[in-house]
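Shown next, in structure tokens, is the structure this report addresses.
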Amino acid sequence: MEYNFNEIEKKWQAYWAEHKTFKAEIKKDKPKFYVLDMFPYPSGAGLHVGHPLGYIASDIYSRYKRNKGFNVLHPMGYDAYGLPAEQYAIQTGTHPAVTTEKNIARYRQQLDQIGFSFDWDREVRTSDPQYYKWTQWTFIQLFHSYFNNETNKADKIEHLVSKFETEGNTNVNAATSQEEIFTAEDWKAKTEFEQQELLMNYRLAYLANTTVNWCPALGTVLANDEVKEGLSERGGHPVEKRMMKQWLLRITAYSQRLLDGLNTIDWSDSLKETQKNWIGRSEGASVEFEVKGVDEKIEVFTTRPDTLFGATYMVLAPEHELVAQITSEEQKAEVEEYVTWAKNRSERERMSEVKTVSGKFTGGYGINPLTGQEIPIWVADYVLMGYGTGAIMAVPAHDTRDFAFAKHFELPIIQVVSQEGEEPTDPATWEDSYDSKDGISINSGFLTGMKTKKAIKAAIHKMKEMGIGEGTINYRLRDAIFSRQRYWGEPFPVYYKDGMPQTLNEDQLPLELPEVDKYLPTESGEPPLARATNWKTEEGYQLETNTMPGFAGSSAYYYRYMDPNNQNEYFSKEAVDYWQNVDLYLGGDEHATGHLLYSRFWGMFLFDLGMTVKAEPFQKLINQGKIQGRSSFVYRVNGTNKYVSYGLRKEYQTTRLHVDISFVNNDVLDTEAFKAWRAEYADAEFILEDGKYVCGWEVEKMSKSKYNVQNPDHLIEKYGADTFRLYEMFLGPLESHKPWDTNGIEGVFRFIRKFWRLFHNEQNEFEVSDAEPTKPELKILHQTIKKVADDIERFSFNTTVSQFMICANELTDLKCNKKAILEPLTVLIASYAPHIAEELWQNFGHTESISDAEYPKFVAEHVAENNFSYPVSFNGKMRFKMELPVTMNPKEVEAAVLESPDAEKWLGGKAPKKVIVVPKRIVNIVI
RNA sequence: GCUCAAGUGGUGGAAUUGGUAGACACGUUGGACUUAAAAUCCAAUGAUCAUCGCGAUCGUGCGGGUUCAAGUCCCGCCUUGAGUACCA
């Protein structure tokens, strides 16, 4: 074999490992560059061709930056805690640590054979006590912190306590769920238990009784981002709402900073948009409504205080605390029944019934503070307890949902917004609500005649004056539920003393995950950790039995990589001062609202503690697209065991069946392999076209059940890692989703062998010449130097591969085997195909790794041309080309073109109306 | 429903600032080499028309518009994918 990739690749992988070629160290004289991949969860299935796509791109970028003179940090590790290993443990009794270890070994072996430039000395695993010690440590800091809205950052809870001792909470502006105002005397009068309970309303990590997403099948609660369409993201099990006492992180305190920070980072617009929507900021006003005959006020949130005059009824969420108090005797039974029904529905049921209107009248009345009018109070599940205050004023004329509700229950509708110069019509005749963000107030007392924007301001001003409301900002973002009733996660560094949670001392960390007899909840429904014997502190206090969620360990691993073996602190000041933050982060977009939001929050908190130097952890972020499978199909003639070829299938009644892509080559089925596949196909008969059985195909998700999984191990065995790397990049733009084409890899394999032949004679001996390069040879080299650098910088990896092909084709045509050309070319390709590059580099006589080589300098003269071939268009249509010196000015070009015989033919004797000359681009003649 | 992204040959895709549409590959067809196959090399390959070695017309989802010039910018639609789901 001429190009023995197997031998070459093994040789260089061993070399890199042995010489620790990619070990990153702080080098203050060199600029740093931190390239990070989202670390994988090591699943049992191993990698398929989709997984390494991002790793290859980031590896190319890392190697390129290294050649460009940067000190590159490019680490890898494992997000080792997770549900699959635990589910497997429940079924088989195998400890999740064992499964995880095994899967990691397999991942490592698969990663190694692709030839990545990771610094493996920096590997982290979230399930390693030396790692999760710092996850626990951060939790303790969060517990002892609150968010000061005055300084807009986290502060020590002790500072808050001393304030309470001197002046109570009257002047405290903090992110809190504490509503009640108290004085210093009140504070001092409280028992320690009461004080601790109150502080929970301020802590950034706090314990609270709250509505959670409970997943019975997984036996745990889930965070909002772990629930997709009412089902658990992992496993797709139904999720329901439940009240439970849980740990939460007060991420909502950072809502505004999380929003503002988006303007400072280089992420895709769509990802920023997703985060913006998830944070969901809306400006509006809170308004108090008095309740007739009850000494309570209902606070509502509205974005349209200008429509207050159109509020004809109010709605409380079924869970609203005032429902029982407001409900009249006559309505009591009905309302109670409704509330019970609404509370007991699963999320999925609730969502599928979005279009059906339901609700009950409570019998109570609220008083419109501006009109003094009594309006009925309803309870309905279209109002959510989780947003705003869980109560609304309904303006049916101008809100779609209120309109539908009012129509259904025949409640009055009053129009209060109109368009300028438009006559108001009778709302009773409307088909839809009039949702105008931009109009003129009508029927609205002092607001009448004002434009919406002004009316909103005026309404807020008036309400403030009356002391019934004020302008407020609401966020959709909810605090993150941080407890999981699972085994395989970080234990909380928390114990309970007299019913109140206390944190362990930092010197007691890590609190290691205990052994349990079964990975299931106890008989009494407590989490698995309750099974651990003596799960108590030395003093005998009960330790927390919940564990932390998946995002705990992944929220700051990027900082730990900077100093992964530090025994004394999370990471040293020196390390973080040098490495700062991640310059380039690559990963899937499924983490848009989970990991990427929690990480930013976690990073901001560490920044507030003064531990880091950048508020945003990931400066540039790229989401690589998914690689889809290309499924193949056979067409079985119904009721027979005959299979008809794709082109003839219309002549029969057929059923389309997936067939394993390993039996299919260029859409032609290996019928013998197919017959051998399964017993039921052993006697299969085929109706062929042109002597072949042609399969149909479709692009689908890559999955086992569709028999379209491409295994990287097989491809690397067949073509080598360098070809595999090049082909993954050649498939298309990094960020777009694209199908894996089984056939295309052959073309890249052809290219790499062609490339190899440039350096070798017919006996496959390395042979390059010392001759001076010619102008065309220098031209293609320098074009390539420029194109490759430009394309890598803009993450256009597919076009770089094309350029390598163009370059190799051209040098082959020129029969160029000159060292002066091929040696720099080797450096250019080193980031994409590192093994072959190292081998050739060594043959040139180098003793150092090519990763230390300098990226070749681009010399513009080499690509400069004396002439430019002008495309000449007539009325925008290209008709002919004309070669002219680049030194000609537009006037001269125009003259030269008009004089040419070609132009004469197209002009047909007429004088051109206008001639446009763009130097070195185009000539356009208008006739 | 709302938000975002994307629609270019038989296929993956290229065209970076409005300036030669289809680079580079795959596939297909024909040819060379070979006992044969593989490998390799050469040629053709958007569609239609053509007195097919001159050429012409059409062509980047659809319909308009701006411009000397539009795949690229603007307006309206269609389709696909993703996210979100009563957010007041």
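Throughout, protein chains are lettered first and strands after them, A, B, ... in sequence-line order, and every chain is numbered starting at 1.
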Handout entry: From U57(B), A88(B), A14(B), nucleotide with atom closest to R879(A) side chain
Key = U57(B)
Problem - Integer-rounded Å distance: A23(B) C1' and Q803(A) CD - result: 10 Å
Exercise for the section: Describe the nucleic acid contact of V918(A) in one word from base, sugar-phosphate, nothing, applying a heavy-atom distance below 4.0 Å. Expected result: base
Handout entry: Side chain of R921(A) (C-beta onward), nearest among A88(B), U17(B), U3(B)
Key = U17(B)
Fill in the blank from the handout: Regarding the side chain of R753(A), the nearest nucleotide among A88(B), C68(B), A39(B) is A39(B)
Exercise for the section: Take the protein atom NZ of K754(A) and the nucleotide atom P of C24(B), then report the distance between them rounded to whole Å. Expected result: 11 Å
Handout entry: For A36(B), the Watson-Crick or wobble counterpart (both distances under 3.5 Å)
Key = none
Problem - U35(B) to U29(B) separation - P atoms, rounded to the nearest Å - result: 24 Å
Fill in the blank from the handout: Separation of G13(B) atom C1' from M805(A) atom CE, nearest Å, is 12 Å
Handout entry: Touch class at under 4.0 angstrom, heavy-atom based, for F730(A) against every strand present
Key = base
Practice task
Check whether any side-chain N or O of N798(A) sits under 4.0 Å from OP1 or OP2 of A14(B), and answer yes or no.
Solution key: yes
Problem - Euclidean distance for C1', G64(B) against G13(B) (whole angstrom) - result: 30 Å
Exercise for the section: Figure out the CE/C1' separation between M878(A) and A69(B), and round it to whole Å. Expected result: 14 Å
Practice task
Using only heavy-atom distances, determine whether the side chains of Y387(A) and S282(A) contain a donor-acceptor pair under 3.5 Å.
Solution key: yes
Practice task
Identify whether any heavy atom of N809(A) sits under 4.0 Å from a base atom; if not, whether one sits that close to sugar-phosphate; answer base, sugar-phosphate or nothing.
Solution key: sugar-phosphate
Practice task
Choose from A88(B), U40(B), C24(B) the nucleotide whose nearest atom is closest to any side-chain atom of R757(A).
Solution key: U40(B)
Exercise for the section: Indicate the ring-plane relationship of Y3(A) and W756(A), choosing parallel, tilted or perpendicular according to the 30° and 60° boundaries. Expected result: tilted
Practice task
May I ask you to test the Q275(A)-L262(A) pair for a side-chain heavy-atom distance under 4.5 Å?
Solution key: yes
Fill in the blank from the handout: Against the side chain of R476(A), the closest entry in U11(B), C87(B), G27(B) is C87(B)
Problem - Base-pairing assignment for G63(B) (Watson-Crick or G-U wobble, both under 3.5 Å) - result: C75(B)
Practice task
Any strand is fair game: report the nucleotide pairing with C2(B) by Watson-Crick or G-U wobble, both distances under 3.5 Å, or none.
Solution key: G83(B)
Exercise for the section: Please state the C1' separation for the pair G63(B) and G9(B) - nearest whole angstrom. Expected result: 24 Å
Fill in the blank from the handout: The nucleotide from A23(B), C58(B), A88(B) with an atom nearest the side chain of K877(A) is C58(B)
Exercise for the section: Report the distance from atom CD of E590(A) to atom C1' of G83(B), rounded to the nearest whole Å. Expected result: 12 Å
Handout entry: Pairwise P distance, C41(B) and C26(B) [rounded to whole Å]
Key = 10 Å
Problem - Contact check, side chains of V872(A) and M878(A), non-hydrogen atoms, under 4.5 Å - result: no
Practice task
Report which part of the nucleic acid K787(A) touches: base, sugar-phosphate, or nothing (heavy-atom distance under 4.0 Å, all strands).
Solution key: base
Practice task
Could you tell me whether I392(A) contacts a base, only the sugar-phosphate backbone, or nothing, with contacts defined as non-hydrogen atoms closer than 4.0 Å?
Solution key: base
Handout entry: C49(B) versus G10(B) - spacing of their P atoms, nearest Å
Key = 15 Å
Completion exercise
C41(B) -> Watson-Crick or G-U wobble partner, both distances under 3.5 Å, gives G31(B)
Practice task
Side chain of L384(A) only, please: which of A88(B), A56(B), C41(B) is the nearest?
Solution key: A88(B)
Exercise for the section: Give a yes/no answer on whether the side chain of R304(A) brings an N or O atom under 4.0 Å of OP1 or OP2 in C87(B). Expected result: no
Handout entry: Nearest-angstrom distance from the residue atom OH of Y727(A) to P of G13(B)
Key = 10 Å
Problem - G61(B) versus U80(B) - spacing of their C1' atoms, nearest Å - result: 10 Å
Problem - Syn/anti label of G18(B) as read from its glycosidic torsion, with the cut at 90° from 0 - result: anti
Practice task
Would you mind classifying the nucleic acid contact of L731(A) as base, sugar-phosphate or nothing, using non-hydrogen atoms under 4.0 angstrom?
Solution key: sugar-phosphate
Handout entry: M314(A) and its side chain to side chain contact (heavy atoms under 4.5 Å, CB included) partner, picked from I377(A), N368(A), I392(A)
Key = I377(A)
Exercise for the section: Evaluate whether atom NZ of K407(A) has more than 12 neighbouring non-hydrogen atoms of other residues, nucleotides or ligands under 6.0 angstrom away. Expected result: yes
Handout entry: Listed nucleotide nearest any side-chain atom of K914(A), set C68(B), U20(B), C24(B)
Key = C68(B)
Problem - 5'-most by nearest nucleotide on RNA chain B - S358(A) or L271(A) - result: L271(A)
Handout entry: Integer-rounded Å distance: A39(B) C1' and E762(A) CD
Key = 14 Å
Practice task
Please find out if less than 6.0 Å separates the ring center of F405(A) from that of Y382(A).
Solution key: yes
Practice task
Pick base, sugar-phosphate or nothing for V872(A), based on heavy-atom distances below 4.0 Å to the nucleic acid.
Solution key: nothing
Problem - Test item: S268(A) side-chain N/O and L271(A) main-chain N/O as donor-acceptor pair under 3.5 Å - result: yes
Exercise for the section: Select base, sugar-phosphate, or nothing to describe what S270(A) touches, counting heavy atoms under 4.0 Å on all strands. Expected result: sugar-phosphate
Problem - N/O (side chain, N623(A)) to phosphate O (OP1/OP2, A5(B)) under 4.0 Å - result: no
Problem - Paired nucleotide for G18(B) [Watson-Crick or G-U wobble; both distances under 3.5 Å] - result: none
Fill in the blank from the handout: I806(A) atom CD1 is separated from A15(B) atom C1', nearest whole Å, by 12 Å
Handout entry: Whole-Å C1' distance, U20(B) and A69(B)
Key = 12 Å
Handout entry: Distance, P atom - from U72(B) to U67(B), rounded to whole angstrom
Key = 16 Å
Problem - Residue closer to the 5' end of RNA chain B, W697(A) versus N875(A) (nearest nucleotide) - result: W697(A)
Fill in the blank from the handout: The Watson-Crick or G-U wobble partner of A47(B), with both key distances under 3.5 Å, is U57(B)
Practice task
Identify which nucleotide among U84(B), U11(B), U3(B) has an atom closest to any side-chain atom of E273(A), counting heavy atoms from C-beta outward.
Solution key: U3(B)
Practice task
Could you tell me whether the side chain of R725(A) and the main chain of D722(A) form a donor-acceptor pair under 3.5 Å?
Solution key: no
Exercise for the section: Choose from G12(B), A56(B), A88(B) the nucleotide whose nearest atom is closest to any side-chain atom of S282(A). Expected result: A88(B)
